[in-house]
Amino acid sequence: AQHFGIKLQFEEPSAQSKEIEKTRQRLTGLGICQACAGNAAMHAVMKPNSECGNLVKNALNGNQDAIRKIDEFPVSCEWKF
């Protein structure tokens, strides 16, 4: 863009967006698939007391059953954009 004399400015991501990304990265670090982790991270941050939000809390605390359930992409963790 600089080549054409265009200056791009991007807004700083919100604290909420940063928390979603941090959670997604933590979930993928547990071996959870990218799409599963992305959807689950949305629930964890936006709807923390939902069924999926609780699964994420348990997964991040090392609960192997919760990790497996999230990786199977349950309906409760599908984020409706």
Side-chain angles (χ1 to χ4, degrees):
Q2 189 175 18
H3 212 53
F4 298 102
I6 299 171
K7 185 175 181 177
L8 298 177
Q9 292 182 330
F10 297 97
E11 289 185 27
E12 181 70 22
S14 68
Q16 189 175 58
S17 293
K18 289 178 182 178
E19 186 62 27
I20 291 166
E21 180 58 19
K22 179 178 146 190
T23 303
R24 187 195 65 75
Q25 289 178 2
R26 289 180 66 197
L27 292 170
T28 57
L30 295 173
I32 295 172
C33 78
Q34 292 283 342
C36 303
N39 279 262
M42 293 291 289
H43 280 275
V45 175
M46 306 289 284
K47 296 181 178 183
N49 295 319
S50 67
E51 183 178 344
C52 187
N54 286 318
L55 268 178
V56 171
K57 287 177 202 169
N58 291 329
L60 294 177
N61 285 323
N63 182 310
Q64 293 298 311
D65 189 49
I67 292 169
R68 180 187 53 75
K69 285 179 181 176
I70 294 170
D71 198 45
E72 292 173 353
F73 202 27
V75 171
S76 66
C77 287
E78 288 180 19
W79 187 257
K80 309 292 187 225
F81 287 94

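Numbers here are sequence positions counted from 1. Note: hydrogens, waters and symmetry copies are ignored here, and every other heavy atom, side chains too, is used. Here the structure is a predicted model, which is why all the values come from computation and not from measurement.
- Surrounding NZ of K57 are more than 12 heavy atoms belonging to other residues, nucleotides or ligands, all under 6.0 Å away.
- The two residues A40 and L27 come nearest to each other via the heavy atoms CB-CD1, 3.9 Å.
- Screening residues 6-42 for ring pair (Phe, Tyr, Trp, His ring centres under 6.0 Å) gives no qualifying pairs among residues at least two apart or on separate chains.
- Here the shortest heavy-atom pairing between D71 and G31 reads OD1-O, 3.9 Å.
- Following chains of ILVMFWY side-chain contacts shorter than 4.5 Å, one cannot reach M46 starting from V56, and the two form parts of different hydrophobic clusters.
- Residues R24 and Q34 are in side-chain contact: their nearest non-hydrogen atoms beyond the backbone lie under 4.5 Å apart.
- L55 and C77 get closest at one heavy-atom pair: CD1-SG, 4.3 Å.
- Across I70 and I32, no two heavy atoms sit closer than the pair CG2-CG2, 3.7 Å.
- Every residue two or more places apart in sequence or in another chain was checked for a salt bridge (charged side-chain N to carboxylate O under 4.0 Å, His left out) with E51, and none qualifies.
- Nearest heavy atoms, C36 versus F73: SG-CB, 3.6 Å.
- Judged purely by atom type and a 3.5 angstrom limit, H43 uses its side chain to pair as donor or acceptor with the backbone of E78.
- In this structure, the side chain of N63 does not engage the main chain of A59 through any donor-acceptor pair within 3.5 Å.
- Considering all non-hydrogen atoms of both residues, W79 and N39 come closest at N-OD1, 2.8 Å.
- Remark: S17 pairs with S14 by the side-chain hydrogen bond (donor to acceptor under 3.5 Å, both in side chains) rule, at least two apart or across chains.
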**Request:** Check the pair I67, Q64 against side chain to side chain contact (heavy atoms under 4.5 Å, CB included), reporting the backbone distance first and the verdict last.
**Result:** CA-CA 5 Å; I67 292 169; Q64 293 298 311; 3.7 Å; yes

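- Within a 6.0 Å sphere centred on NZ of K22, other residues, nucleotides and ligands contribute 12 heavy atoms or fewer.
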